[in-house]
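What follows is a single structure, written as structure tokens, with notes after it.
In what follows, chains are A, B, ... by sequence order, proteins preceding strands, each numbered from 1. These numbers were taken from a predicted model, which means no experiment stands behind them. What you see below is based on every heavy atom in this structure, not just the backbone, and it leaves out hydrogens, waters and symmetry mates.
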Amino acid sequence: MPVVNKHSERMRKFKNKGKDTAALRKQRVEVTIELRKAKKDEQILKRRSISFSLMDKSLSPGEDKRNETVQLSLEKIAEAVNGSNTELQLQATQATRRILSRQKDPPINQIIELGIIPRLVEFLTRADNAPLQFEAAWALTNIASGTSDHTKAVVEAGAIPAFISLLSSPHMHISEQSVWALGNIAGDGPLYRDALISCSAIPPLLALVSPVTPVGFLRNITWTLSNLCRNKNPYPPLNAMKKMLPVLICLMKHEDKDIISDSCWAVSYLTDGSNDRIQIVVDTGILPRLVELMASPELIIMTPALRAIGNVVTGTDEQTQAAINAGVLAVLPCLLRHAKPSIQKEAAWTLSNIAAGPAQQIQQLISCGLLPPLVELLDKGDFKAQKEAVWAVANFMTGGTEEQVVELVRSGVLKPLLNLLLAKDSKTVLIILDTISNLFLTADKLGETERLCLLVEELDGLEKIEALQTHDNNMVYRAALNIIEKYFSGEENPDLQPETGEDGLYDFSVEKQDFNF
Amino acid sequence: MELSDANLQTLTEYLKKTLDPDPAIRRPAEKFLESVEGSQNYPLLLLTLLEKSQENVIKVCASVTFKNYIKRNWRIVEDEPNKICESDRIAIKANIVPLMLSSPEQIQKQLSDAISIIGREDFPQKWPDLLTEMVNRFQSGDFHVINGVLRTAHSLFKRYRHEFKSNELWTEIKLVLDAFALPLTNLFKATIELCSTHANDASALKVLFSSLILIAKLFYSLNFQDLPEFFEDNMETWMTNFHSLLTLDNKLLQTDDEEEAGLLELLKSQICDNAALYAQKYDEEFQPYLPRFVTAIWNLLVTTGQEVKYDLLVSNAIQFLASVCERPHYKHLFEDQNTLTSICEKVIVPNMEFRAADEEAFEDNSEEYIRRDLEGSDIDTRRRAACDLVRGLCKFFEGPVTGIFSGYVNSMLQEYAKNPSVNWKHKDAAIYLVTSLASKAQTQKHGITQANELVNLTEFFVNHIQPDLKSASVNEFPVLKADGIKYIMIFRNQVPKEQLLISIPLLINHLQAESIVVHTYAAHALERLFTMRGTNNTTLITAAEMAPFVEVLLTNLFKALTLPGSAENEYIMKAIMRSFSLLQESIIPYIPSVITQLTQKLLAVSKNPSKPHFNHYMFESICLSIRITCKANPDAVGSFEEALFMVFTEILQNDVQEFIPYVFQVMSLLLEMHKNEIPSSYMALFPHLLQPVLWERTGNIPPLVRLLQAYLERGANTIASAAADKIPGLLGVFQKLIASKANDHQGFYLLNSIIEHMPPESVDQYRKQIFILLFQRLQNSKTTKFIKSFLVFINLYCIKYGALALQEIFDSIQPKMFGMVLEKIIIPEIQKVSGQVEKKICAVGITKILTECPPMMDTEYTKLWTPLLQALIGLFELPEDDTIPDEEHFIDIEDTPGYQTAFSQLAFAGKKEHDPVGQMVNNPRIHLAQSLHKLSTACPGRVPSMLSTSLNAEALQYLQGYLQAASVTLL
């Protein structure tokens with residue numbers, strides 16, 4: 001869902017407060033436009049196989065030089081590959097693989113331009129020559145690890161069915177290399193992912209998972225599976241998802257942290273979608289394990305587990321309740337206080353979606369002690385996390401009962417919230433202003449308007465709101481003006497009123513409420 | 001229009017005429033230009049002129065005209081014709097950039113504005129080559145051209161700072177970044193290099209620094225929405241250079257001007273903003289650079305002078321430190337005792353000092369000074385920034401900071417003590433320091449509400465504030481006096497009451513000070529003290545405690561109004577009002593003198609009312625005088641009338657619009673004080689009050705209605721007998737008001753008073769018309785507000801004239817009308833009525849319809865009996881229905897004809913809530929039960945059967961409760 005829709009959608013719900021709290025939930029946003037650097041904590045889409053010392057003894061100090069010489073004879077490579085001498089074919093393929101495996105700037109384009117890819121794909125079918133199959137598979141893996149165009153070159157040469165049939169190769173290292181290559185192809189995007197799925201890559205892949213599969217191999221399989229779960233527009237087919245899930249759930253219970261991490265990533269992708277997809281995951285009963293993993297000290301596990309749970313609570317109230325029942329609220333305080341900004345942010349996002357739920361879920365949020373860390377985060381968190389915390393407060397104020405809102409105010413939320421009116425982000429400022437307006441509505445009902453006015457002023461909120469009346473963004477300036485006019489203008493009248501009580505003489509009101517000037 | 005010399009000539013002539021001071025020549029020329037601006041080639045002719053005209057004035061005029069033309073016409077509004085033809089649009093876009101860049105600065109600015117207006121609509125989709133065109137000029141090496149490009153880019157990109165994130169916006173930014181970020185970075189580096197090669201060339205430096213300022217601004221815009229990948233990768237380049245620019249100084253760039261910030265200051269200010277942006281939003285990535293910036297900015301502060309031109313830079317720089325020092329992970333940058341001391345000593349203290357500019361404002365521009373100092377409109381001042389830094393540092397280091405400053409405060413006080421007349425500014429700084437250190441939270445209403453516990457405020461007050469205020473001369477060291485008074489004002493909730501009581505005579509004494517700031521503060525402080533609450537919700541300071549000071553207080557307050565510059569001082573007038581309100585009957589002995597002075601003041605200011613607050617408090621004070629005096633002695637009302645009527649007449653005759661609504665309110669108050677028949681003086685005025693001209697002004701309507709209501713309450717019989725010919729005029733006012741959706745409720749107020757007070761026979765002949773009028777409104781343009789008022793009115797009518805009379809008059813207008821109103825209006829809408837009294841009127845009225853209206857029992861109306869009863873029980877028991885149909889939200893705005901003097905309601909002229917039902921019915925539920933009982937006695941058996949057939953169970957249960965409470969049973 002594009003960002004703009006998300007926000008306007010959310011704002012709309014915001015105004016019609018309480019009418020449709022489910023829609024307050026924010027789906028994870030797949031930003032179509034990104035200004036930032038790609039996130040460092042995302043899972044890797046494609047991987048190149050750089051060193052494989054077991055198989056290749058040539059990583060000695062002289063290696064680089066040898067590569068140089070091989071590189072000089074690219075033409076020779078082409079010649080040998082295209083020739084019919086099997087020995088030369090193997091040497092040339094190995095040379096190609098070496099060039100592509102070097103640490104820096106592998107010349108993928110040049111190799112593609114040599115036009116040898118169809119040949120390499122052909123070598124994959126040489127069941128009689130395992131070393132050649134392996135070298136070709138490796139070389140192709142590394143080509144497919146490049147840009148989309150690189151991957152495309154491999155796929156268009158017909159590598160997909162060839163690799164899929166190699167999954168069942170009697171040689172484990174060949175089958176493992178194929179898993180890897182398929183992972184790179186799947187990681188390219190939804191198109192190739194679905195091409196793999198429709199070529200029935202999943203059953204032989206899943207068949208490789210067994211109690212005796214070595215850990216290293218299992219890591220590769222898990223990673224490839226995760227790429228088969230990855231990407232939206234469209235989502236992976238439902239039946240593929242249903243096939244993979246039981247195995248992924250098993251893998252998530254493994255003790256190897258990379259396997260756990262990648263299986264969590266896979267589940268996080270599967271939950272990043274419509275509620276019926278979330279439901280399929282919820283139905284497997286995996287949420288308690290995910291919550292347990294959210295508390296893992298390993299960042300590579302905590303990150304995807306948190307994402308998966310964060311996605312689940314974007315779902316229905318029942319799905320959110322399932323996450324709450326699995327204990328998410330007990331783990332969140334720690335994550336909200338995590339040293340890493342991206343974890344803070346993700347945890348706050350999760351919290352904001354739980355706060356968008358019905359009053360009884362908000363109540364659980366209060367009784368599990370989430371308010372103090374929320375206030376702390378709002379006060380001192382990283383800016384990205386603060387923004388999410390603002391949403392959490394906004395949702396809380398919209399969906400909470402009067403008592404719950406009072407509780408939130410008592411927990412000291414106002415000061416940091418008002419401080420964030422200085423945030424250099426118009427949207428955040430607007431949400432805060434709307435939240436304050438909502439708070440005033442509650443205060444009106446409780447007859448506490450005057451106290452809230454004083455509180456806002458005391459916390460230096462008034463001067464900030466006043467200053468926003470000159471903000472360049474029209475919506476921000478109007479929201480600020482609105483609050484000032486409604487609650488802070490005519491300082492005199494509320495001022496004059498209190499002194500009237502003494503003898504009843506000044507007891508006056510009937511006209512007041514009807515004059516609408 | 002063709003692109004011909006003849007047309008150029010014509011256009012030149014008309015442009016020239018638009019500059020003519022004589023409107024007779026100017027206006028037609030402007031009209032002409034407007035009339036031809038739709039023609040093809042018109043904008044191109046303007047561009048030709050601004051480029052090629054022989055006369056500079058025509059060039060400039062053409063450029064301004066062109067920009068305004070673009071502003072008005074470029075945007076293509078949906079469903080409206082395209083106002084600029086496509087070929088002109090293309091030609092403009094093709095030529096404007098080079099034209100802008102080759103023009104002299106004056107014209108360049110206009111064209112640059114025009115480009116950004118066009119860019120806002122067309123960029124990037126419809127103007128794809130704009131960026132490349134601009135970026136290419138960076139290589140020109142001509143900084144006149146480069147600055148033109150940068151300025152244009154700035155006006156195109158600055159909206160990134162305030163717009164919401166959206167795909168569209170981010171697509172544009174990405175496009176801009178791809179084309180612009182690298183060339184901008186290269187330009188930045190090249191410009192900095194040129195600055196060192198031209199370090200000795202003042203005029204070159206000026207141009208280069210102008211570029212750097214624009215580059216720094218562009219950096220801010222481009223980095224605002226999120227941290228772009230490019231800038232993250234190039235952070236080292238940008239931040240290292242920004243950092244070194246912060247520390248740079250060059251004599252050639254220093255300006256002599258003390259007020260206006262120079263290029264160096266502007267650049268450094270923008271760099272502080274850039275650093276603050278990164279610190280706030282991209283902390284994770286910026287962390288490695290931040291400590292360097294903290295140090296650089298702090299050094300900058302230490303070395304920057306006191307001149308006004310540095311104010312923005314200094315306050316930006318301090319705010320940066322204030323925002324950083326509050327973050328837990330930067331705490332370590334500040335926690336060293338030496339660092340803290342140095343910040344306190346070299347950054348905070350110097351910026352708290354009272355400067356020459358402050359002194360000037362204190363003396364010559366006191367109004368502005370007071371506004372800034374008292375009302376806190378000081379957000380950008382140095383003192384304010386320094387205060388914020390103190391509060392920021394106190395978050396983690398309250399103890400050490402308080403300790404450091406205590407030492408400072410003591411030494412500054414010692415300096416002062418050595419030679420007060422020379423060193424008084426040291427004491428000022430000491431007081432300011434204590435204030436900023438002690439105050440943690442503050443409101444206008446209560447002053448400081450949370451204080452630093454490490455500061456002993458009372459001790460400081462007794463030892464250092466009171467002595468100044470006790471000194472014999474109220475005019476010595478006025479700044480210190482103002483400081484002292486302000487101290488009382490803001491710490492009034494921290495200082496014990498006995499100290500406040502000691503201060504009161506001192507404050508009263510300072511009302512005589514010559515300095516405007518000092519006597520204004522004294523008045524304001526007294527006013528604030530008088531509003532403080534004690535236990536039991538009474539005032540903290542009682543009238544009894546004030547007894548010894550009443551005379552001197554009143555004398556000094558009124559005397560202060562005669563001091564130069566304070567003739568219309570709103571703080572003093574507010575203090576007068578507040579004193580009256582507090583002192584109550586103890587002011588009575590002084591009323592004759594007080595009212596004379598107020599009347600004279602009123603007369604004087606009515607010549608040219610200019611201070612709305614002052615005027616408002618003046619009228620409030622008049623109302624209080626009347627109320628307090630007449631409460632003790634009702635006959636005194638005559639003497640007030642004697643004193644005031646002359647001035648009032650003058651105000652009415654001279655049509656002083658600002659005051660007329662007030663005059664009506666005071667007159668209402670006076671009239672209501674009369675216990676007997678209405679005096680003839682009022683009757684003489686009556687016809688004038690019905691003058692349409694008065695009712696045309698929105699601001700007059702509420703107070704005039706109020707006044708007419710007072711007339712009806714006190715003089716309905718007199719009007720009926722002596723002014724019967726004015727009744728149609730009175731009803732005319734009602735008709736006028738009822739016609740307006742905004743004022744109809746006022747019309748009903750008037751109508752209700754007429755029905756309640758006028759002898760029935762005097763309005764007999766008009767009754768039918770009244771209803772017809774109301775029905776018309778109901779039919780043509782009913783609103784919720786109208787229906788609510790209408791329901792109250794018909795029920796009041798029913799109470800006054802009886803249910804049968806109501807049914808008869810309805811049905812006489814149109815057969816079955818009564819049933820229709822019951823069915824379509826009363827039953828479905830009664831739940832909307834709001835207000836205690838209004839609901840009571842409706843309850844009693846409906847009870848009458850149910851129980852005292854025979855047609856309800858024996859005609860076809862009978863079928864409405866139970867639904868009506870059910871609606872009545874709903875009115876008693878259900879929550880009010882406050883829904884308003886969507887289309888009604890904007891009625892008030894639409895129907896208020898333009899801006900007029902707003903009605904300013906006087907709190908102390910307020911009238912008591914009036915309950916026309918009064919004691920007649922105490923409990924409407926019991927009343928219903930009793931009335932039903934009476935009805936059932938008259939026709940046994942019928943009521944229970946009607947109840948049992950169609951009243952719903954819940955309502956029946958409530959009803960049984962009423963019957964039980966009234967101890968009656970239905971027969």
Side-chain angles (χ1 to χ4, degrees), chain A residues 2-5 7-8 31-38 340-342 380 382-384 422-427 430 453-454 457-460 462-463 466-467 471-473 475-476 491-517, chain B residues 159 161-168 170-171 173-174 177 224-229 232-233 277 280-284 327-328 376 379 441-446 449-450 531 533 537-539 581 613 616 620 627 631 698-699 702 706 742 745 835 837 892 902-903 905 907-908 910-914:
Chain A
V3 191
V4 62
N5 288 345
H7 278 165
S8 52
V31 203
T32 35
I33 312 295
E34 193 53 273
L35 302 177
R36 280 220 180 223
K37 255 178 148 48
K340 211 168 149 36
S342 57
K380 299 178 199 137
D382 180 77
F383 185 66
K384 293 183 288 289
L422 297 177
K424 295 180 203 303
D425 182 81
S426 307
K427 179 60 87 184
L430 182 63
C453 285
L454 285 175
E457 188 183 349
E458 253 186 24
L459 298 171
D460 295 332
L462 177 57
E463 61 173 34
E466 277 173 344
H471 198 277
D472 284 322
N473 188 300
M475 286 177 77
V476 170
E491 168 222 344
E492 303 314 329
N493 279 337
D495 222 5
L496 290 169
Q497 230 175 5
E499 283 93 46
T500 55
E502 265 172 52
D503 53 358
L505 254 189
Y506 316 138
D507 193 9
F508 150 90
S509 75
V510 64
E511 287 167 324
K512 216 177 156 195
Q513 81 185 112
D514 286 314
F515 288 168
N516 290 317
F517 282 82
Chain B
R159 70 187 185 99
R161 300 171 178 198
H162 64 255
E163 300 238 325
F164 297 138
K165 175 179 177 177
S166 71
N167 262 345
E168 198 193 2
W170 281 35
T171 311
I173 296 176
K174 207 167 166 57
L177 286 167
F224 195 91
Q225 294 273 331
D226 204 346
L227 175 58
E229 182 167 4
E232 187 175 344
D233 290 342
L277 176 74
Q280 187 189 78
K281 298 188 85 166
Y282 319 124
D283 188 39
E284 205 180 356
R327 310 263 193 100
I379 290 183
Q442 185 170 10
T443 69
Q444 286 283 320
K445 191 164 174 176
H446 299 299
T449 51
Q450 276 180 61
T531 57
R533 303 238 187 126
N537 212 17
T538 54
T539 53
S581 165
H613 285 104
H616 187 88
E620 291 281 20
R627 272 183 182 282
K631 188 178 160 198
T698 320
R706 157 93 193 276
H745 63 293
V837 174
D892 286 346
F903 169 52
Q905 194 172 10
F908 292 112
K911 70 190 262 192
K912 279 193 191 168
E913 196 170 45
H914 173 64

Return the CG to NZ distance between B:Asp283 and A:Lys384, rounded to the nearest 0.5 Å.
8.5 Å
Contacting moiety of B:Leu177, where chain A heavy atoms sit under 4.5 Å
side chain
Most heavy-atom pairs under 4.5 Å with chain B, out of A:Glu466, A:Glu457, A:Lys380, belong to A:Glu457
Answer with side chain, backbone, both or neither: which region of A:Asp382 has an atom nearer than 4.5 Å to a non-hydrogen atom of chain B?
side chain
Please report the interatomic distance CZ(B:Arg161) to NZ(A:Lys424), rounded to the nearest 0.5 Å.
10.0 Å
Between B:Gln225 and A:Leu35, what is the shortest heavy-atom contact and its length?
CB-CD1, 4.4 Å
Looking at residues at least two apart in the chain, or sitting in another chain, which of them share a ring-ring contact (aromatic ring centres under 6.0 Å, His included) with A:Phe383?
none
Can you tell me how far apart CZ (B:Phe164) and CG (A:Asp425) are? Round to the nearest 0.5 Å.
9.0 Å
To the nearest 0.5 angstrom, please state how far the NE2 atom of A:His471 sits from the NE2 atom of B:His162.
8.0 Å
Most heavy-atom pairs under 4.5 angstrom with chain B, which of A:Val476, A:Leu462, A:Leu459, A:Asp460?
A:Asp460
